[in-house]
Every structure is written in C-alpha cells, then in structure tokens.
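What's counted below: heavy atoms across the whole structure, side chains too, no hydrogens, waters or symmetry copies. Per chain, numbering begins at 1; letters A, B, ... match sequence-line order.
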Amino acid sequence: MREGTTAPHCYDGKFIPELNPNVKPIDPSQLPKHFESRQEEEKWARRWEAAGIHRYDPSRPRAETFSVDTPPPTVSGSLHVGHVFSYTHTDVIARYQRMLGRNICYPMGWDDNGLPTERRVQNFYNVRCDPHEPYAANLEIAPASKNDGPPRKISRPNFIELCLSLTAEDEKAFKALWTRVGLTVDWSEEYSTIDRRCRRAAHISFLDLYRKGHVYSNEAPTMWDVDFQTAVAQAEVEDRKVAGHYHHLRFDVAGAGESFVIATTRPELLAACVGVTAHPDDARFQHLFGKQAITPVFQVPVPIFPSRQVDPEKGTGILMVCTFGDATDVFWWREQNLPLRQVIGRDGRFTAIEFGSPGWDTRDAAAANQAYSALTGKNIRQAKKIAVEQLRASGALTKEPEPIEHSVKFFEKGEQPLEFVTSRQWFVRLLDKKEQLLEMGDRIEWHPDFMRLRYRSWTENLNMDWCISRQRYFGVPFPMWYPVKSDGSPDFDQPILAPEEMLPVDPMSTPAPGFTERERGVPGGFTAESDVFDTWFTSSLTPQIVSGWLTDPGRYANLFPMDVRPQSHEIIRTWAFYTIAKAMLHAGSIPWRHVAISGWVLDPDRKKMSKSKGNVVTPMHLLDEYGSDAVRYWSANARLGTDTAFDQNVLKVGKRLVTKLFNAGKFVLSQTGEPGPVTKPLDLAFLASLARTVENATKAMERWDHAGALSETEQFFWRGFTDNYLELVKARSRSETDAAGRASAIATLRMALKTFLQLFAPFLPFITEEVWSWSFAEETGEPSIHRSHWPSLQASGGDPALFETAIACFAAVNRAKSEASVSVGRPVASLRLAANSGTAARIHAVLDDVLGAVRGSECGLEERSPLEDGAIEIAHIAFAEPQAG
RNA sequence: GGGCCUGUAGCUCAGUUGGUUAGAGCGCUACCUUGACACGGUAGAGGUCACAGAUUCGAGUUCUGUCAGGCCCACCA
C-alpha cells in the first residue's frame, strides 16, 4: 500500500494540520473568470492519459488490487444518457478505490459481434449476407440511401469485413465519449469481443467445456426465429401479449360416429397435427382415450391420449398436438413418441410435403395434398387465412373465430413469434447444475441486495440447457470440423476439435488438422461447422478475457475472481447468469465478489429510454452544455438499483457545484499569509464537523452508497463551508492584527478545501483536479488528486456545537438584515444577543468571528434562561448608515 | 398466477437501528450589485408522508390488508 497523507493530529491542545508552511498563494487574476468545462476537460483527459493515471500495475499484489469487469457496450449506433449514467457509477467506485490506495484494473471492451451489429450493417449499407455468394476482393460499398432498392447480396467474408470496419468506426466515437465523461479506464486494456484475444478465449472455453463433458449437440426441436433464421436460447426469449383468435374445429372420432370440438389459435398447423389430448379426469372426453381422431380437411388419423398437462377450463378442454405449436407440443411429441410432421421451414414458410408418403398417413391423400398445395410456400399469416377458409368450406369450423389476447414467445430482438424447428444445435448442460448455480449466486454480494432474487428466480425457473449455436455470420465460429462420411454427410458424432495451438481458428477458411483444403466437403474429407457462438458465449468470459485466463497465470491470480461486475438489471438472466455459469464450469469459482446494479434512466413520463420508443436523450450536447462533472453529478445522485427520471435541473445543480468549487478554491488559495497551528475555537469546531462529514461519506462509500456519500459531502460543503465557515473567517483570514488567528484560519481553510476536493474527486474528477493543480499538487508532491489518498481526518478536539452556534448567530443577524431589507454588507452599529447561559458561553467563544462576518464592532450578550439550549434571539440590532461611494 | 421494487412539498429526491415541530435542491415569493462566486447571496411560503387497520407511551419508519405505478418470472392449446 502506498503511503497516504497522514492525518492531522493534536499536539498540546493545538491542532497541527499536515501542511507545508511555505505555500505560495495563487494570484486569482491569473485564473479565468469561470471554469471553462469543455476546454479543461480535454486538457485533463490528455494529461491523465499522458501521465498514465489510469494505468493498472501488474506487479502489485492481489490484496492491493481492485478489478472491474466492465460491461462492454454493444457497438451498434450510439450511446445514450443511460450509458453515461451507469458507467459513471462504476467510475465513481473505481476512483474511490484508487484513492484508498488500490491498484485499479478498469478495462473497456466493445461488444461488437452478434445480431445488433449484423442488423446495423444490413441497414447501414443495405446489404444481406448470402453464404453462397463468392468473395469479392476490395469490395466498395457506399452507405445506403433512401431509394436503394432491394438489399445487395454479398459473401460471408465480405459481410464480416463490413461488420469489422463499421464497428471500428463506432468504437472510436464511443471511446471519445468515455474519455470526455472522464472514465478512469485503462485504455491499454481495451478489447473487443470479436478480436483475436476474445475469439481465442471463447474457443478455449468451448474446448474446456467439451473436455469436461458440459457441452453436447443434438438434433431436436428448438426455438427458432424465422426472420433471423437462427436458433435462440431461453434467455433471449420474451413473452408478448398479442391478439389472436380461437378457432373451433370439429374432429371426427374414427369408427364411433361421433365428434368433438377443439379450440386452437393456430389452425394453420392442422396439417402438422399428430395427436389429440385432454385431461385424464375430464368426464367429457374419458371415453375417447385410446381411440383415433380424424383431422378435418387432411383426414389424418391421430391418437387421442390423456395428459395432466391439459387444463380442462381452457378452450374446449381438448386440444390438438402439432409439431410444433409450442413447448408443450414438444413435450407431448417426446412423451407419446408421436411422428414428426414439420410443415414450417427455417424461413417460416410452409415446406412442400406429400400426404400419403411414409409418415404422412391420411384417409384421402388426394384431398389432403390438394388442400396442402394451397399452403406450400406461404408464410404463417397467409397460411392461417387460407387454412381458415378451407376449414370453413369443409364445415369443420363450428363458429366464427373468436378474438382473444394471449401471450406468445418472441425472440427479444425479433418481430415474429418463435417457431419450434428441428435442427442440430450445441448446448451447454446447465439444467443438472441449478443447485450449484444458486449457491454461486448466494456467494456473491449484490448491490442492492434484492437483485439477487432476479438471479435466483431465473435460475430456479430454467427449463432448457443453454443453446450456444447460432446460424449467423458475424460471430465467433465454432473451432470445429466434422469428418465427411462416404455418403457425403457429416459425421456429427465424431467432431474434429481444433488443437489449442491453432486457436483462434476459422474452420470455414482453415482445413481441419491432418487435411488439406482440397478435402473440404468431399467424402472421406472434412466439413466445417458453419455456426457461430451465441454472443453471450463470448461475453460471459469477460472476467477470463481481462484476467489473462490460461495465458498469464500471474495476472489471473491477481485479478480473478474480479472485485465487481457493474451491470443493469435486465441482463441478470443473460450476462450475469452466463458469466456465473462459465466461472463455475471452468474454475469452480464465482467470477466476482460484488455485482453493482444500476437502474434505468427514465424519461420525464417515467418510461424507460429506448430507441424504439424514440425518447432517447443523447449525452454529447449535455456534456457540452453543462460539462462532464455536472453530468456525472446527476448520475452519481442516483443510488444503485434505483431508476431515475432524467431531470435537467439536477444538471444545473451540478454545474452550480462545479462553479462553487472553482470560486471557493480561488478564494481559499489566494489568501496571503502562512498557515499555522489551528488554535481558534471556531476553526477547531469546524474541523470537527468536517471530520464527521468525512467519516459519514466514507461509511456511505463502504456500503456502496455513492449517492449518500455525495450528498453528505455536498451538504456540508455548501452549508458548513461556503455559506458559513468561509464567511465567518473571511475577516480573520486577512487580519493585520491577529497573526495567530489569521494563520489558524488559513490553515483551516486550506485543509478544508483539500479535504472537500478529495471527497468530491471520484464524482467531479475535472474541477477537483483543476483546483488541486493550483497549489496542492506541489504542496503534497502528488501531481494528481486522483492518486492522492482519500481523506481520513482525526478529531481536532473541537466541539461541533460551537460551530452550530456561530452559524445560528450569523443566520440570526442575516435574518434581521433581510427583514429590514438591509444589504448583507451593511455594517451593524450595535447588537445585543440573548441566549441561555450555556449557549451564551459558546457565543462568547466565537463572537469575534461572528462580528467579523456581520460587520459589527461590538456585541452585548444577555442571558435568558427560558430559552432552549442553542436558541439565539436578537435583543437589539441597529445598522450603520450605508457608506457612500 | 408467483415474486420484487416504488408511492414523502408543484418537480427531482433524502429520511440509517421507531423518538421533539418531516428535510434538501429546483421552481415560486420578497429582499440584497456583497472584495471567491449575480453561473452569487439572505429570508419566506409550501406536506393529512397513497389509503385503511394493527402493534407501541410514541409510526414516514414495524406488521396486515387495499389502491396505484414499474419490473422480474410463470402461463402460451
């Protein structure tokens, strides 16, 4: 631990602050009239970077280190004020920890792979990736304009090139913003989730999971987005309420001469119906179990079976099972060993099928095929319409569709309901590890604590293993090939994994080990796995990426598990959850000790800011108008986990605080005269109050309540320091007659200013550094306040009540002046104060300072015992004539 | 349907383990050109602490219920 400034101490009843007596006062006329935030911010950002203020020192031990698992922002467009908000919270924490003497590891990453980037590139250039297109070297594509026509098809490598170049541009803009905000990020620790280091980490992660038996692939129905044409994981699925209709369809019972009516929201799936089910206790349908139903239109015989999953109250109490309408259909399909009749293809359109062929039994193949041919090639909405018409024509529709609202699963980034499509996917096995995952969550400290419940409830409700393969392009590829069998098909059971020294590898452009490129895709040769990883597969490794997992054991030991993961609450189920899972599977460890959850920024109508709502406030103009410190002030005013309405008033207050610090600093540091021992009762009393403020602010920071620390500091800065103490000692600090009093005042002023600057430094890094540089940098030998030590004032031996008494006297006279509409600067000709004896004694101790502040020359004191302790009344006051000129 | 958070002045928010008369800033009103700062200062007005019960000598604070807003999860025929 570095040597911090030692606390001032008491000696022979005198308070000796640790101050250099040979300080030179500053010349205020050399300073600008106002703090020019923009100019100063750029200046300090440059100097900090040049001086390596933010640099992590790998040589220092774990105990002195504080590591931040920074969220890599998604690089797809622009940042909004919510980003600045939450990143400021992290920055305040990191700067505070640095001032405690810690070695800060605060990297910045960019999350630039995955769908958001692909979508941005598609729109920006009006292109689509078509893996069948050949690569075009030196392809020049201009940004899209309005009338570009249909998107241009480009090859996968060309598409990836565009993704890389566009994200590189965006990252520059992001970095400029973060620098402007003053994030104390170590830019030598920059990474992006598509870069070589991250691809390699993802590959090593996959190989490790594979070796440990935690991953598997299988061909099974999985949730599928028909627009993006990829599988998705449970964590990326959300429910949305949509309008739909119940369609009541009559099914005949085979050989029984009776029928029943089911209610379905998906009549278009009738062709995929493979069964009918009802609750086993439902007397209406018990006699049907074991018989066969005949589907209308297609005339397909299907089994009728009982299932406790059925809710007799819902619909008509009996329903059709299709492959696949929803997750329960998948369950029944497995449980009853029903045939697979997949009618919806990967593109969301009805595929060509032939009734009467194996697996597609029907009593009337001609009729079935004729009906189905109308559906072939149609999308779901079109098919639904046609299917309803067919049902109506056949007489199976027993009544007109009945409108209902129901919830349907959507990919969070998608616009069409998810379908269940059978495909081969890779999974990380998690369902069998819920207990361990829950235990990991409990070992982490969550701020605020109730956020752990989000993690807990998600983990408890997990019902699918983690699907990590995506049928997309701009992502980290699987480091894997498959042998090609003699029939030309891949042998999925014998994957060829890349050896570690090959990593990272793109199996699409590199042949499998032991093969040459000529053997790609031919029997006896190899074929690449063309899928890419779920972006969370890489993002969930940020602690490992930053800490040098498997590449730098010394660094890893110093950084992992990391100290804090800052993030927002809506991605607890994805980012936090997957990161915890990865750390558990790879290292049997928690990934970090703390999670700090920032709330959302809401618009004035209390709605979450989001691009789709169009209520986003961008940060740059706010930084220009109010200054970075003011924007940070607004951010830091919000406690962790609390959503905050965007309020420009708070920015104004922040700007005011910056100005006040600037001016107070100018005043204090321009006082001429040597600081000396603090002996005056008022000074000692004020320092005692200041010590209490330091203690409270420190306690607040220690309980992760940065907003509390800020408000504690701010309150005493205004009321205690600028409004009162400064006014009370102004006269004495310039006294020609009271040398000891003047030295005491100057010492106290300087020490207070230094302390306030340090308390504010994590929140307002620019203004505090600026004022620090005027004098304290030289005096302390610490060029940057951000490398100075967090203040720890010891008791000065003063009595805070004395300070309160002085404030009360000052306020009483001011009130009298205000009531008499007299200028505060007007001298007081005569004054008589009344108080009880205890208070009077305290007044006596500070009276000369009070008189100095109110411009009085003398004051009578009278004791009135009925007055409460601390209460002060003005028995008499008279003002001098205003001075001419 | 289960769970969590929030509800305090016109607005944005504090209010620690229950304890005098509920706080701050903004806004509003009046006044003050003051030698750090007019990007300033002094003073003032403004609240049934969402509602109803309960516990207690005492509740903004604890408990129960209700209402309102937000979020997480589940349900998806």
Side-chain angles (χ1 to χ4, degrees), chain A residues 28 31 33-35 239-242 244 246-247 262-266 269 276-278 309-311 314-322 325-329 332 404 406-409 417 448 450-458 460-463 569-570 572-573 599-600 602 604 606-608 634 637-639 641-650 652-653 655-671 696 699-700 703 705 707-708 711-712 714-715 718-719 722-723 726-727 730 734 810-811 813-826 855 868:
Chain A
L31 292 173
K33 184 95 176 101
H34 301 297
F35 181 65
D239 296 348
R240 293 184 203 161
K241 292 266 183 215
V242 295
Y246 263 141
H247 301 78
I262 63 119
T264 178
T265 55
R266 304 210 52 186
L269 286 178
V276 166
T277 184
Q309 305 266 339
V310 179
D311 176 1
K314 216 163 192 174
T316 56
I318 186 164
L319 62 108
M320 68 172 181
V321 178
C322 306
D326 61 38
T328 339
D329 281 345
W332 283 315
I404 57 159
H406 62 148
S407 41
V408 177
K409 284 187 193 306
F450 67 81
M451 286 294 179
R452 76 172 63 246
L453 295 173
R454 301 262 175 116
Y455 174 82
R456 177 159 276 279
S457 89
W458 175 257
E460 281 168 349
N461 286 309
L462 204 64
N463 59 35
H569 47 76
E570 82 273 22
I572 288 175
R573 66 151 133 168
W600 286 338
L602 310 174
R606 302 204 72 85
K607 296 272 177 276
K608 189 197 172 189
W634 162 73
N637 252 298
R639 290 166 305 157
T642 306
D643 295 345
T644 297
F646 179 70
D647 183 2
Q648 255 170 278
N649 279 328
V650 183
K652 284 188 199 158
V653 175
K655 189 173 179 181
R656 221 165 62 97
L657 175 60
V658 169
T659 304
K660 199 72 175 175
L661 273 163
F662 181 83
N663 285 308
K666 202 154 68 170
F667 170 75
V668 169
L669 296 174
S670 60
Q671 295 306 303
N696 290 341
K699 276 186 190 157
R703 54 170 195 266
D705 178 15
S711 95
E712 180 81 25
E714 187 192 9
Q715 201 194 323
W718 283 103
R719 194 187 95 94
T722 65
D723 291 351
L726 227 51
E727 297 299 334
K730 204 177 256 181
R734 293 192 273 241
F810 186 43
V813 176
N814 278 333
R815 198 176 302 119
K817 285 181 175 176
S818 180
E819 276 162 11
S821 295
V822 156
S823 158
V824 183
R826 187 106 152 250
R855 305 199 175 188
E868 277 178 42

When we call it a touch if two heavy atoms are under 4.0 Å apart, what does [X] touch: a base, just sugar-phosphate, or nothing?
{"X": "A:V310", "result": "base"}
{"X": "A:E712", "result": "nothing"}
{"X": "A:T316", "result": "nothing"}
{"X": "A:N649", "result": "sugar-phosphate"}
{"X": "A:A664", "result": "base"}
{"X": "A:R266", "result": "nothing"}
{"X": "A:K666", "result": "sugar-phosphate"}
{"X": "A:H406", "result": "sugar-phosphate"}
{"X": "A:D329", "result": "nothing"}
{"X": "A:N637", "result": "nothing"}
{"X": "A:I318", "result": "nothing"}

Before you tell me yes or no, could you show the steps for A:K314 and A:Y246 under side-chain contact (heavy atoms from CB on, under 4.5 Å), namely the whole-Å CA-CA distance, both residues' side-chain angles and the distance that decides it to 0.1 Å? CA-CA 11 Å; A:K314 216 163 192 174; A:Y246 263 141; 3.9 Å; yes

Using the side-chain heavy atoms of [X], tell me which of these nucleotides is nearest: [options].
{"X": "A:D647", "options": "B:A36, B:U12, B:C4", "value": "B:U12"}
{"X": "A:K33", "options": "B:C26, B:C73, B:C37", "value": "B:C37"}
{"X": "A:T659", "options": "B:U12, B:C39, B:G41", "value": "B:C39"}
{"X": "A:V650", "options": "B:U12, B:C71, B:C75", "value": "B:U12"}
{"X": "A:F450", "options": "B:C4, B:C37, B:G25", "value": "B:C4"}
{"X": "A:H569", "options": "B:G40, B:A74, B:C71", "value": "B:C71"}
{"X": "A:A811", "options": "B:C37, B:U12, B:A43", "value": "B:A43"}
{"X": "A:S457", "options": "B:A36, B:C39, B:C72", "value": "B:C72"}
{"X": "A:V653", "options": "B:U42, B:A36, B:C26", "value": "B:C26"}
{"X": "A:R454", "options": "B:G25, B:C71, B:C73", "value": "B:C71"}

Look at the aromatic rings of A:W634 and A:F646 and report parallel, tilted or perpendicular, splitting at 30° and 60°. perpendicular

Paired nucleotide for [N] [Watson-Crick or G-U wobble; both distances under 3.5 Å]:
{"N": "B:A74", "value": "none"}
{"N": "B:C51", "value": "B:G65"}
{"N": "B:A45", "value": "none"}
{"N": "B:U21", "value": "none"}
{"N": "B:G60", "value": "none"}
{"N": "B:C39", "value": "none"}

Item to complete: Return yes if the base of B:C39 and the side-chain atoms of A:K655 contain a donor-acceptor N/O pair under 3.5 Å, otherwise no.
Response: no

### Message
Taking donor-acceptor contacts at under 3.5 Å, does the side chain of A:S823 reach the base of B:C32?
### Response
no

Does the structure place the NZ or CZ of A:K730 under 6.0 Å from the centre of the six-membered ring of A:F667, at an angle of no more than 45° from the ring's axis?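 Judged by the rule, A:K730 and A:F667 form a cation-pi pair.
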
For the [atom1] atoms, the ones on [N] and on [M], what distance do you get once it is rounded to whole angstrom?
{"N": "B:G7", "M": "B:U48", "atom1": "C1'", "result": "15 Å"}
{"N": "B:A24", "M": "B:C57", "atom1": "C1'", "result": "31 Å"}
{"N": "B:C71", "M": "B:C13", "atom1": "P", "result": "16 Å"}
{"N": "B:G25", "M": "B:U61", "atom1": "C1'", "result": "23 Å"}
{"N": "B:G69", "M": "B:G15", "atom1": "P", "result": "25 Å"}

Phosphate OP1/OP2 of [N]: any [X] side-chain N/O under 4.0 Å:
{"X": "A:K409", "N": "B:C73", "answer": "no"}
{"X": "A:R452", "N": "B:C5", "answer": "no"}
{"X": "A:K730", "N": "B:A36", "answer": "yes"}
{"X": "A:R734", "N": "B:A36", "answer": "yes"}
{"X": "A:R656", "N": "B:C26", "answer": "yes"}

From CD of A:Q671 across to P of B:A36 the rounded distance in Å is 7 Å

Inset, instruction - Take atom CZ of A:F667 and atom C1' of B:G41, then tell me their distance rounded to the nearest Å. - result: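 To the nearest whole Å, that distance equals 15 Å.
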
Let me see the working for A:E714 and A:W718 under side-chain contact (heavy atoms from CB on, under 4.5 Å), right down to the final yes or no.
CA-CA 6 Å; A:E714 187 192 9; A:W718 283 103; 3.8 Å; yes

Output for pair (A:D239 CG, A:H406 NE2), nearest 0.5 Å, gives 11.5 Å

To the nearest 0.5 Å, atom CD1 of A:I262 lies from atom OG1 of A:T277 at 12.0 Å

